[in-house]
2 protein chains.
Amino acid sequence: MPGISIGRLAKAAEVKVPTIRFYEQIGLMPTPERTKSDQRVYGEEAVRRLRFIRHARQLGFDIKDIEALLGLADRPDMPCAEADRIAQSHLDAVDDKIAQLTRLREELSRMTANCSLGLAADCKVIEVLSDHGLCQEDRH
Amino acid sequence: MPGISIGRLAKAAEVKVPTIRFYEQIGLMPTPERTKSDQRVYGEEAVRRLRFIRHARQLGFDIKDIEALLGLADRPDMPCAEADRIAQSHLDAVDDKIAQLTRLREELSRMTANCSLGLAADCKVIEVLSDHGLCQEDRH
DNA sequence: GCTTGATCCTCTAGTGGCTAGAGCTTGTAG
DNA sequence: CTACAAGCTCTAGCCACTAGAGGATCAAGC
């Protein structure tokens with residue numbers, strides 16, 4: 001019969017059990033039916049919703065954005081410009097993050113490349129951290 | 001006379017005042033002297049240490065790593081292999097993060113590129129999130 | 001001396017997105 | 001029938017801060 005336990009739902013959507021309860025608590029997942037002994041019972045709908053959430057989380061969307069995207073997914077007659085805006089804005093944020101990490105990567109790589117593995121007194125890693133002037137980046 | 005208030009220290013090291021108190025609380029910054037009226041008084045040493053911390057944080061080192069690096073910086077007669085190891089391991093983590101974000105970026109970019117800006121029913125953004133099978137990545 | 005406003009103090013609670021654990025009840029397989 | 005797996009609730013912890021309440025103190029101008 002239709003009715004999935006929280007454990008099966010977790011496996012079906014590849015999400016951990018406590019995470020599902022957490023999503024319920026913050027209102028991202030609806031409160032499910034319960035058995036007489038108070039255990040949660042879900043339907044297929046819950047699997048779809050949870051998979052959507054998991055995928056969006058893997059893509060780095062935050063909970064607020066996911067709420068908005070779920071709202072749009074529930075109303076197929078709405079224009080999707082908003083979904084595009086959310087995705088585009090997240091894409092921009094990811095681009096920024098990549099750019100920032102790439103800059104960090106360069107500085108870190110310079111640090112370790114110059115490290116003589118000698119005494120700490122001559123250690124480039126420590127030296128660079130101690131004196132921001134040694135950092136060859138223009139600004140941060 | 002030598003003696004810097006927490007506000008001046010904050011400006012000198014470009015760190016916010018509550019952050020300094022937080023660092024003191026977790027033992028990353030030493031407990032400073034106090035005036036009669038209980039205000040913190042710092043010396044030049046504190047400026048150097050806090051700058052070191054700030055720079056390391058900007059590079060993404062976590063507090064534990066910074067503690068270790070500060071320990072090494074304080075003992076110039078120690079070999080710096082450990083500092084190099086910390087930096088190298090952090091560099092590896094940053095590389096991983098960049099690779100991961102680059103993969104995400106591609107999927108996000110495919111999503112928005114395919115978005116017709118029509119109705120949500122045809123929205124590629126929502127479609128991709130709903131159905132992991134549409135995601136062209138091999139695994140995640 | 002007095003007032004004003006900036007700075008200082010401590011303490012608590014909140015952020016995001018879970019994760020871990022205690023201590024209990026219920027379901028299920030052999 | 002007996003394990004033990006899985007369910008339940010509730011609280012606390014993670015990281016590195018940040019925000020705010022509520023009060024004391026300092027520095028400068030009049």
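Proteins come first, then strands; the chains are lettered A, B, ... in the order of their sequence lines, and each starts at number 1. None of the values given here were measured: they were computed from a predicted structure.
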Undergrad: Do A/Ile126 and B/Phe52 make a side-chain contact, defined as non-hydrogen atoms from C-beta onward lying under 4.5 Å apart?
TA: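 Yes. Closest side-chain heavy atoms under 4.5 Å.
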Undergrad: Taking only the side-chain heavy atoms of B/Arg57 (C-beta and beyond), determine which of C/dT19, D/dC17, D/dT18 contains the nearest atom.
TA: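 Ranking C/dT19, D/dC17, D/dT18 by closest atom to the B/Arg57 side chain puts D/dC17 first.
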Undergrad: Side chain of B/Gln39: nearest nucleotide among D/dC26, C/dT10, D/dT18?
TA: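 Ranking D/dC26, C/dT10, D/dT18 by closest atom to the B/Gln39 side chain puts D/dC26 first.
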Undergrad: Any side-chain heavy atom of B/Arg21 sitting closer than 4.5 Å to one from B/Arg40?
TA: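 A side-chain contact exists here, since the closest heavy-atom pair is under 4.5 Å.
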Undergrad: Which of the following nucleotides, D/dT18, D/dC8, C/dC9, is nearest to the side chain of B/Arg34?
TA: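 Within the option list, the nearest is C/dC9.
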Undergrad: For A/Tyr23 and C/dC18, is the shortest distance between a side-chain N/O and OP1 or OP2 below 4.0 Å?
TA: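 Looking at the OP1 and OP2 atoms of C/dC18, one of them is under 4.0 Å from a side-chain N or O of A/Tyr23.
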Undergrad: Specify the separation, in whole Å, of atom NZ of A/Lys11 and atom C1' of D/dA6.
TA: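 Result: 10 Å.
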Undergrad: Rounded to the nearest Å, what distance is computed from the CD1 atom of residue B/Ile4 to the P atom of nucleotide C/dT7?
TA: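 In whole Å, C/dT7 P and B/Ile4 CD1 are 16 Å from each other.
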Undergrad: Which part of the nucleic acid, if any, lies within contact of A/Ile63, taking any heavy atom under 4.0 Å across all strands shown: a base, the sugar-phosphate backbone alone, or nothing?
TA: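 Sugar-phosphate contact only.
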Undergrad: Are OP1 or OP2 of D/dG7 and a side-chain N or O of A/Ser5 less than 4.0 angstrom apart?
TA: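 The answer is yes; a side-chain N or O of A/Ser5 sits under 4.0 Å from OP1 or OP2.
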Undergrad: Does A/Thr19 have a side-chain nitrogen or oxygen under 4.0 Å from the phosphate oxygens OP1 or OP2 of C/dT19?
TA: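 Yes, within the criterion.
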Undergrad: Within the 4.5 Å heavy-atom criterion, are A/Val41 and A/Ile4 side-chain neighbours or not?
TA: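 No - every pair of side-chain heavy atoms lies 4.5 Å or more apart.
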Undergrad: Can you tell me if B/Arg40 touches the phosphate of C/dT10, counting only side-chain N or O atoms and a distance under 4.0 Å to OP1 or OP2?
TA: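 For B/Arg40, the contact criterion (side-chain N or O under 4.0 Å from OP1 or OP2 of C/dT10) is met.
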Undergrad: Which whole-number value in Å describes the distance from A/Arg8 CZ to C/dT28 C1'?
TA: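 Taking atom C1' of C/dT28 as the reference, CZ of A/Arg8 is at 11 Å.
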Undergrad: Return the value, rounded to whole Å, for the distance between atom CG of B/Asp62 and atom C1' of D/dC14.
TA: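 Whole-Å distance recorded here is 12 Å.
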Undergrad: Grab the CD1-C1' distance between A/Ile26 and C/dG17 for me, whole Å please.
TA: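 In whole Å, C/dG17 C1' lies 8 Å from A/Ile26 CD1.
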Undergrad: Would you say B/Lys16 places a side-chain N or O within less than 4.0 Å of OP1 or OP2 belonging to D/dC17?
TA: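 So the side chain of B/Lys16 is outside the cut-off, no N or O lying under 4.0 Å from OP1 or OP2 of D/dC17.
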Undergrad: Is there a side-chain contact between A/Phe22 and A/Leu28 in this structure, where contact means two heavy atoms from C-beta onward sitting under 4.5 Å apart?
TA: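 With C-beta onward as the side chain, the pair stays apart.
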Undergrad: Quickly work out the B/Gln25 CD to C/dT12 C1' distance and round it to whole Å.
TA: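 My rounded result for the distance is 11 Å.
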Undergrad: Just by distance, with hydrogens left out, do A/Glu107 and B/His55 show a side-chain donor and acceptor under 3.5 Å apart?
TA: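 Checked: A/Glu107/B/His55 side chains pair up, N/O donor to acceptor below 3.5 Å.
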Undergrad: Want to settle it: does A/Ser37 or A/Phe22 sit nearer the 5' end of DNA chain C, counting the closest nucleotide to each?
TA: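 That would be A/Phe22.
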Undergrad: Just the rounded figure in Å: distance from P of C/dC8 to CD of B/Glu24.
TA: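 About 14 Å, once rounded to whole Å.
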Undergrad: Round to a whole Å and report the spacing from CG of B/Asp38 to P of D/dT25.
TA: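 It works out to 9 Å between those atoms.
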Undergrad: From the list D/dC17, C/dC8, D/dC8, which nucleotide is the closest neighbour of the side chain of A/Ile6?
TA: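 Looking only at side-chain atoms, A/Ile6 lies closest to D/dC8.
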